[in-house]
Amino acid sequence: MARKIIAGNWKMNLLHHEALELVQKVGNYCQQTELNKVEVIVAPTFLDLAAAAYLTKGANLSIAAQNCSEHKQGAFTGEVSLDMIKSAQVNMVIIGHSERRQFFGDTEEVVHTKLQKALSARMIPILCIGESLEDRKSGNHEKIVKQQLQSALRGRAAENLTELIIAYEPVWAIGTGETASPAQAQEMHHFIRKQLNEMYDEAMAARTSILYGGSVKPSNAAELFSQPDINGGLIGGASLKYEDFVSLIEIGKKELR
Ligand code: PEP
C-alpha cells in the first residue's frame, strides 16, 4: 500500500519568524488531530529547517529540505550538504523540482546524482518529474516523464527504494493556477506506476507514493485526490496559508486511499 501524503513546498517564501509561526501551527494541528494515516510534510527554506524540525519534534509532521548539494562537503559556497540536512534532524529532501531544473542547472545527471546520494545517506527523497507545456502539446509528455524516471533511478534496486516518494508535477501547472484535469493526472500517475512495474516489480510500483503537484487548492483537491493512482499532493502556493493547507489535509483524509 502506498503512503498517503500531503506535502507543502514553501519555496522561497516566508520570513524566519513567519515560517516558524506557520510550522508550529501546522505541527499543533497534526498533533491534535486524527490524521487517518495521512502523513504531513512541510519543506521550509534551509534557513528554517533546523528550527522547524526542533519545534515540531514528536508532532506527527515531517520536515523536508527543498534541495541538497550533490557534493559531500568543501568549497561549494552557498550549498548545503545532505549530512548538514541530516544533522538538523531532517531526513527528507525534495529532488529535481522543476524550478531547480529550469533555473539552477539541475540537469538529469545532477538529479540522478542527488537522488543516489540521498538514498545512500538513507534520506527519504521526493523525486519530482513532469513535462513542460511544449512536451504536453507535442504529445511527448509520457516519453519525457519516462526518461526523467529512468534517468533518476538508474542503477538502483527496488530494495533501495522502499521509501521513495515521486511527485508528478506538470511544469505548465506549477504556480500558474492551471491544474491538470483529474483525468490527465490519473492517466499520468497510472503511466508512472506502470513504468515502475516494468523497471522493478508490481510490489514496488504498488507501494510507491505518487503525489500530484500543480496548483492544487481546496477547490480542486477532492477530485484529484480521489483518483486511484494519486496518493497525495505536493502543494506550493496553498501550503503557505494555514487554513488552505489544513483544509487540503482534511480533503486528503477523506479522499485518499
Ligand atoms: C510546487 O511548488 O511543487 C507546486 C506544485 O506549486 P503550486 O502548488 O503553487 O503550483
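In each ligand, atom 1 is the first atom listed, and ligand 1 is the first ligand listed.
Take His189 and apply the ring pair (Phe, Tyr, Trp, His ring centres under 6.0 Å) test, not counting sequence neighbours, and it matches Tyr168.
Between Lys72 and Asp83, at least one side-chain N (NZ, or NE/NH1/NH2) sits under 4.0 Å from a carboxylate O, which counts as a salt bridge. A salt bridge does not link Arg122 to Glu163: none of the charged side-chain nitrogens sits closer than 4.0 Å to a carboxylate oxygen. Note on Glu109 versus Arg154: salt bridge recorded, some NZ/NE/NH1/NH2 to OD/OE distance being below 4.0 Å.
Residues lining ligand 1 at a heavy-atom distance below 4.0 Å are given as Asn9, Lys11, His97, Glu169, Ala173, Ile174, Gly175, Gly213, Gly214, Ser215, Leu234, Ile235, Gly236, Gly237, ordered by chain and residue number.
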Anything under 3.5 Å between a donor and an acceptor, one on a side chain of residues 249-257, the other on a protein residue two or more places apart or in another chain? List them.
from: Glu250; atom 1: OE1; to: Lys253; atom 2: NZ; distance (Å): 3.3
from: Glu250; atom 1: OE2; to: Tyr29; atom 2: OH; distance (Å): 2.3
from: Glu250; atom 1: OE2; to: Lys253; atom 2: NZ; distance (Å): 3.2
from: Lys253; atom 1: NZ; to: Glu34; atom 2: O; distance (Å): 2.9
from: Arg257; atom 1: NH2; to: Ser226; atom 2: O; distance (Å): 2.5

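Among pairs with a residue in residues 59-83, those fulfilling ring-ring contact (aromatic ring centres under 6.0 Å, His included) read His71-Phe76, at least two apart in sequence or across chains.
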